[in-house]
A.B. asks: 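Mind having a look at this structure? Questions to follow.
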Amino acid sequence: MPIEPSLVSSLTWFAHIARHRSFTKAATEMEVTRAALSQHLKGLEQHLNVRLLNRTTRDMSLTEEGQRLLDVVQPALTAIERAVAELGEAHTEPSGLIRMNSSRVAARLLIEPQMGEFLARYPKLRLELVMDDGFSNIVAEGLDAGIRLGESLDEHMVAVPITPPLEMAIVGSPEYFERYGMPETPADLMKHNCLAYRFTSSGTIDRWSFTSPDEEKRTVVFEPQGNAVFNDDDSMLHGALQGVGLVQHIDLCVRRHLADGSLVRVLAAWCPPFPGFYLYVPSRSQMPAKTRALMDFLVEQREILVRQAREAI
């Protein structure tokens with residue numbers, strides 16, 4: 001049979017009285033009256049139908065039954081007190097395991113390059129990355145946080161931006177453009193070898209969406225029909241670097257290749273910005289220190305990305 005809540009409370013009072021061998025000292029520690037403690041002990045002895053303490057006006061000692069009960073109850077209470085203390089520390093010093101869901105591209109862009117710095121800053125933390133290109137219910141899956149593009153987040157999700165607004169970039173190698181020329185409008189892409197990306201979660205091909213730079217803001221959707229299809233963004237990018245064809249990728253992911261000239265961007269005027277990556281969490285209420293540390297770190301990295309973007313202009 002389950003223990004009654006009132007019995008648990010009485011066992012706690014009993015352990016404190018037995019440890020101090022004094023009603024007065026136990027009452028002072030627990031900030032209750034001596035009479036209240038005495039009443040709890042009497043109620044416990046009546047419930048168990050056994051005397052636990054021998055007591056006179058001057059002395060107090062445990063009975064044999066009382067000592068047996070204390071030997072069992074005290075270690076359990078100590079373990080509970082330790083667990084409560086550790087929970088309190090979890091809200092002051094980041095520690096423990098962070099299980100985080102992320103798309104592969106977000107992990108490679110935002111987590112993997114900074115992982116060493118993050119874990120060095122918080123040595124009591126451990127990080128588990130769960131790669132999933134589909135949207136994940138972090139509450140149902142027992143995760144602490146997730147990273148997704150802002151436009152794919154539920155409006156009720158608690159989320160903070162961890163990148164500036166992003167753009168999709170159409171890129172190719174200089175050698176490719178020397179052979180085939182540069183497209184000036186999305187319609188020109190029909191003449192180019194456009195490499196496709198297939199989503200692992202849904203199995204669909206990622207379509208390239210454009211917005212006309214004029215006042216009409218027309219939307220043009222293009223499905224790449226090149227001679228290669230990938231479900232890994234790094235492999236797709238390698239194809240572009242080797243001059244196989246054109247690819248669409250997030251501008252932040254190709255920034256260094258554009259800077260060193262190994263890739264060239266086209267149709268930039270047709271690719272307006274959109275909400276970037278967000279870190280989303282179950283709730284802001286009583287957020288664990290480990291989750292707060294992750295959020296603060298990624299927001300800090302966002303400021304670095306913003307500064308780098310300004311310097312690149």
Side-chain angles (χ1 to χ4, degrees), residues 102-115 131 133 147-152 161-186 188-189 192-200 205-211 213 220-278 298 301-313:
S102 174
S103 65
R104 285 175 292 178
V105 63
R108 289 171 177 170
L109 178 65
L110 304 172
I111 302 300
E112 293 174 6
Q114 314 300 337
M115 188 182 301
M131 301 295 191
D133 289 330
I147 296 179
R148 281 296 177 272
L149 289 172
E151 58 187 13
S152 64
I162 55 175
T163 68
L166 303 173
E167 296 178 6
M168 299 307 296
I170 309 301
V171 297
S173 70
E175 295 76 18
Y176 176 89
F177 289 122
E178 286 179 8
R179 291 197 304 269
Y180 302 105
M182 290 188 174
E184 296 183 1
T185 69
D188 297 335
L189 292 174
H192 289 268
N193 189 34
C194 297
L195 309 182
Y197 180 90
R198 188 184 300 280
F199 291 109
T200 304
I205 294 293
D206 185 21
R207 295 185 174 186
W208 300 5
S209 181
F210 301 95
T211 301
V220 178
V221 178
F222 173 78
E223 184 167 334
Q225 300 287 340
N227 60 4
V229 179
F230 306 88
N231 70 349
D232 177 79
D233 56 295
D234 268 4
S235 299
M236 179 184 69
L237 196 55
H238 289 155
L241 289 166
Q242 294 173 28
V244 176
L246 305 184
V247 302
Q248 174 188 253
H249 211 334
I250 295 171
D251 58 345
L252 277 182
C253 296
V254 297
R255 178 182 289 172
R256 67 184 180 90
H257 298 297
L258 296 176
D260 65 21
S262 56
L263 289 177
V264 176
R265 184 178 181 181
V266 294
L267 302 176
W270 288 79
C271 300
F274 58 91
F277 284 106
Y278 282 66
L298 292 177
Q301 298 305 309
R302 176 184 183 273
E303 297 306 313
I304 295 175
L305 292 174
V306 170
R307 185 167 63 251
Q308 291 174 345
R310 290 171 181 166
E311 293 172 353
I313 296 177

A.B. asks: Flag the pair Val264 / Leu258 as yes when at least one side-chain heavy-atom distance between them is below 4.5 Å, and no otherwise.
C.D. replies: no

A.B. asks: Find out whether Glu184 and Leu267 are in side-chain contact, i.e. whether some heavy atom of one side chain is under 4.5 Å from a heavy atom of the other.
C.D. replies: no

A.B. asks: So, do Phe277 and Arg302 sit near enough that their side-chain heavy atoms are less than 4.5 Å apart?
C.D. replies: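 Not in contact.
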
A.B. asks: Before giving the answer on side-chain contact (heavy atoms from CB on, under 4.5 Å), spell out for Ile250 and Met168 the whole-Å C-alpha distance, their side-chain angles and the decisive distance to 0.1 Å.
C.D. replies: CA-CA 5 Å; Ile250 295 171; Met168 299 307 296; 3.9 Å; yes

A.B. asks: Distance-only, no hydrogens or angles: does the Asn193 side chain make a donor-acceptor pair with backbone N or O of Val244 under 3.5 Å?
C.D. replies: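 Between the backbone of Val244 and the side chain of Asn193 there is a qualifying donor-acceptor contact (under 3.5 Å).
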
A.B. asks: If you define the side chain from C-beta out and look only at heavy atoms, does anything of Tyr176 sit under 4.5 Å from Leu246?
C.D. replies: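 The answer is yes; the side chains approach within 4.5 Å.
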
A.B. asks: Quick one: closest heavy-atom pair of Leu195 and Gly239, and the distance?
C.D. replies: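 Heavy atoms only, the tightest pair is CD1-C, 4.2 Å.
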
A.B. asks: Is the shortest side-chain heavy-atom distance between Phe222 and Pro186 below 4.5 Å?
C.D. replies: no

A.B. asks: Nearest 0.5 angstrom please: Gln248 CD to Met236 CE, how far?
C.D. replies: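 If I round to the nearest 0.5 Å, the distance is 8.0 Å.
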
A.B. asks: Measuring only between side-chain heavy atoms, which start at C-beta, is Phe210 closer than 4.5 Å to Leu189?
C.D. replies: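 Yes, at least one pair of side-chain atoms sits under 4.5 Å.
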
A.B. asks: Kindly give the heavy-atom pair with the smallest separation between Arg265 and Cys271, and that separation in Å.
C.D. replies: NH2-CB, 3.9 Å

A.B. asks: Could you work out, with ring pair (Phe, Tyr, Trp, His ring centres under 6.0 Å) as the rule, every residue matching His249, not counting sequence neighbours?
C.D. replies: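 His249 satisfies ring pair (Phe, Tyr, Trp, His ring centres under 6.0 Å) with no residue once adjacent residues are dropped.
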
A.B. asks: Under a plain distance cut-off of 3.5 Å, with no hydrogens placed, do Arg104 and Thr200 share a side-chain donor-acceptor pair?
C.D. replies: yes

A.B. asks: Could you tell me whether a side-chain N or O of Arg179 sits under 3.5 Å from a main-chain N or O of Gly243, the two making a donor and an acceptor?
C.D. replies: yes

A.B. asks: Would you find a donor on one side and an acceptor on the other, under 3.5 Å apart, between the side chain of Asp251 and the backbone of Glu167?
C.D. replies: yes

A.B. asks: Search all heavy atoms of Gly172 against all heavy atoms of Phe177 and return the closest pair with its distance.
C.D. replies: O-CE1, 3.5 Å

A.B. asks: For atom CZ of Arg256, is the number of surrounding heavy atoms from other residues, nucleotides or ligands below 6.0 Å larger than 12?
C.D. replies: no

A.B. asks: For the OG atom of Ser209 and the CZ atom of Phe274, what is their distance to the nearest 0.5 Å?
C.D. replies: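 That separation rounds to 10.5 Å.
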
A.B. asks: If you take all heavy atoms of Ser173 and Ala240, which pair is closest and at what distance?
C.D. replies: CB-O, 3.5 Å

A.B. asks: Looking at CG of Leu237 and CD of Gln242, how far apart are the two atoms once the value is rounded to the nearest 0.5 Å?
C.D. replies: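 Between atom CG of Leu237 and atom CD of Gln242 there are 10.0 Å.
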
A.B. asks: Within a strict 4.5 Å, meaning less than it, do heavy atoms of the Leu241 and Leu263 side chains meet?
C.D. replies: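 A side-chain contact under 4.5 Å exists here.
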
A.B. asks: For Arg108, check salt bridge (charged side-chain N to carboxylate O under 4.0 Å, His left out) against everything at least two apart and list the hits.
C.D. replies: Asp232, Asp233, Asp234

A.B. asks: What's the shortest heavy-atom distance between Ala107 and Met131, and which atoms?
C.D. replies: CB-CE, 3.3 Å

A.B. asks: Given Ile162 and Leu305, is the side-chain contact (heavy atoms from CB on, under 4.5 Å) satisfied, shown in steps?
C.D. replies: CA-CA 9 Å; Ile162 55 175; Leu305 292 174; over 6 Å; no

A.B. asks: Report yes if the side chains of Asn231 and Phe199 come closer than 4.5 Å at any heavy-atom pair, otherwise no.
C.D. replies: no

A.B. asks: For Glu112, enumerate each residue passing the salt bridge (charged side-chain N to carboxylate O under 4.0 Å, His left out) test, keeping only those at least two apart in sequence or located in another chain.
C.D. replies: none

A.B. asks: For a side-chain contact (heavy atoms from CB on, under 4.5 Å) check, start with the C-alpha distance between Ile205 and Glu223, then their side-chain angles and the critical distance, and finish with the verdict.
C.D. replies: CA-CA 8 Å; Ile205 294 293; Glu223 184 167 334; 4.3 Å; yes

A.B. asks: Do you know the tightest heavy-atom contact between Ser262 and Pro174?
C.D. replies: O-CD, 3.4 Å

A.B. asks: Could you please spell out the steps behind the side-chain contact (heavy atoms from CB on, under 4.5 Å) verdict for Val247 and Ile170?
C.D. replies: CA-CA 6 Å; Val247 302; Ile170 309 301; over 6 Å; no

